[in-house]
Structures are given as structure tokens and as C-alpha cells.
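Working notes, beginning with the structure itself.
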Amino acid sequence: MSTVTIALSKGRIFDETLPLLAAAGIEPAENPETSRKLIIGTNRPEVRLVIVRPTDAPTYVQYGAADLGVAGRDVLYEHGGDGLYQPIDLRIARCKMMVAIPEGFDYESAVRQGNRLRVATKYMRAAREHFAAKGVHVDLIKLYGSMELAPLSGLADAIVDLVSTGNTLRANNLKAVEDIMAISSRLIVNQAALKLKRSLVQPIIEAIDQAVKRNA
Ligand code: PRP
């Protein structure tokens, strides 16, 4: 029996993907938050889920360890998208990638004077391209999380991070100064799986597409 594997990350992406999977007749047998299992069966014997870190979803799908997956535009941008079809913007897990600075830092003047800024981020490619397009000189510092701490501790002048409600910035006396891109999650599909498992994969893609359009 041919099987379909879907790569999902826990948390917001998992929660917001559930109704879309349900529209495709797929219901997880367990909740990954509580079961801690990394491979989860579904009500359909030929469909299973693998639970991955958000940044790893494109890699699993690229190499065919998963046939389908869900990944944020932020993650896909850093990954590059090799070997992936991205047929649907799922319109979930929406937020913005922004440049943020400490309240009181005169970013405009620093940029105008051509100062070299230290910018901390996990989004190296997006940040590099954003500042290059603006002609702003930056030294990028790679972090893996809690970017907000970088300007507060003196590690960096600014950060590039995701902003949803803005609560995290406010709680840390930071403010957003530039939009880089709107973020939402995409369905990603292994290119070979789309051809070789078309009869299984295509109906799932279509059902998810219909559900997204109904919600639009
Ligand atoms: C994201 C982002 C911010 C926060 C923004 O972190 O990195 O820290 O959410 O949300 P807000 O504007 O609603 O406060 P997330 O919780 O996804 O974890 P991460 O730090 O591992 O990216």
C-alpha cells in the first residue's frame, strides 16, 4: 500500500492545519503536544504525520521523508525551496517579519549617517537581502531564538524577527521600524511524490485548497 507522510510542527501550525486536514478527511489519532510521539497515525491507515521542528519541515519534504508539509514563508525563504512545490498559501500562522530596535535608538539617523549596524536574527537571508536593498551596512549576528534579548543586552543594535500581536516587542521596550515581508504558512509538496503518488496526494491538495478558499 502506498502511504502519504505529512510533516507538521507543533503549536500554532499544527493547530491551524487541523481543520484543513479534516477537510481532506484526515484526523490525527493523537495530539503531539501530549503524546510526545514524533510519528502519529491518522484515521486513514495510509496517511501519517511526522512532527518536526518548524525549520526542518522543508528539509523533510525536499528529501522525500515527508510527501507533504506545512512551513512558514520565513522558513521557506531561508531554506530556498529546492525540490518543493508550494501550491497553496494556507493563510494560517500569519505575522510580519520586521526590523525592531530599542525605544530611544535613533535608527533613522544611524542609517542616514551610514553607520554600520549590528543586527541579530535567525533570518539571515531575508535580513541580508533587506538591508542590501536599502544600502544599509550591517553585521548580521545569527541567533536561534529570543532575538529580543540581543539589543537589550548589548549584543546588537537591532533585530529582524517575526511580529504578531507586538506584545513581545512592547514587553521588552522595543519597537518595529520596518516591514520586511508578510508571513503565512504554505503547503509544501515533494516534487517526485506529486508525480509518483498523484492519486493519493492530489486529492489531499485539492481538499485543502477548497477549505482555504472557503475560509478566505
Ligand atoms: C515569535 C517571534 C516573537 C514572537 C512575536 O516567537 O520570534 O518572539 O513570536 O509574537 P507577538 O508579536 O505576538 O508577541 P515564537 O513564540 O514563535 O518562538 P521563537 O522565539 O522560537 O521564534
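Keep in mind that this is a model prediction, so the values were computed, not measured. Read the numbers this way: they start at 1 and go in the same order the structure lists the ligands and their atoms. All heavy atoms count here, side chains included; hydrogens, waters and symmetry mates do not. Numbering of residues begins at 1 and proceeds along the displayed sequence.
Nearest-heavy-atom check against atom 7 (O) of ligand 1 across L162, N172, D161 picks out D161.
I92 pairs with exactly one of R186, R12, E16 by the side-chain contact (heavy atoms from CB on, under 4.5 Å) rule, that one being E16. When each of L187, I88, D89 is paired with V212, the side-chain contact (heavy atoms from CB on, under 4.5 Å) condition holds for I88 and for no other.
The side chain of K122, and not its backbone, has at least one atom closer than 4.0 Å to an atom of ligand 1 (non-hydrogen atoms only; side chain from C-beta on). Contacts with ligand 1 closer than 4.0 Å are made by side-chain heavy atoms of E148 only, the backbone lying farther away.
In the hydrophobic clustering (ILVMFWY side chains linked at under 4.5 Å, chained through shared members), Y144 stands by itself.
Under 4.0 Å is where a charged nitrogen must lie from a carboxylate oxygen, and between K134 and E178 at least one such pair does. Ion pairing of R118 with D139 is absent here, as no side-chain N (NZ or NE/NH1/NH2) approaches a carboxylate O to less than 4.0 Å.
The shortest N/O to N/O separation between G166 and ligand 1 falls below 3.5 Å.
Among all non-hydrogen protein atoms, the one lying nearest atom 20 (O) of ligand 1 is S146 N, 4.0 Å. Nearest to atom 11 (P) of ligand 1 among the protein's heavy atoms is T165 OG1, 3.3 Å. The protein heavy atom nearest to atom 14 (O) of ligand 1 is T168 OG1, 2.4 Å.
Within a 4.0 Å radius of atom 16 (O) of ligand 1, the protein contributes no heavy atom.
Residue N167 approaches ligand 1 through these ligand atoms, each under 4.0 Å from one of its heavy atoms: 12 (O), 14 (O). Near V163, the atoms of ligand 1 lying under 4.0 angstrom from a non-hydrogen atom of the residue are 12 (O).
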Validation: residues 68-77 side-chain donor-acceptor distances under 3.5 Å, sequence neighbours left out:
from	atom 1	to	atom 2	distance (Å)
R73	NH1	A182	O	2.9
D74	OD2	Y123	OH	3.3
Y77	OH	E129	OE1	2.3

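Note: I205 CD1 to L194 CG = 5.0 Å, rounded to the nearest 0.5 Å.
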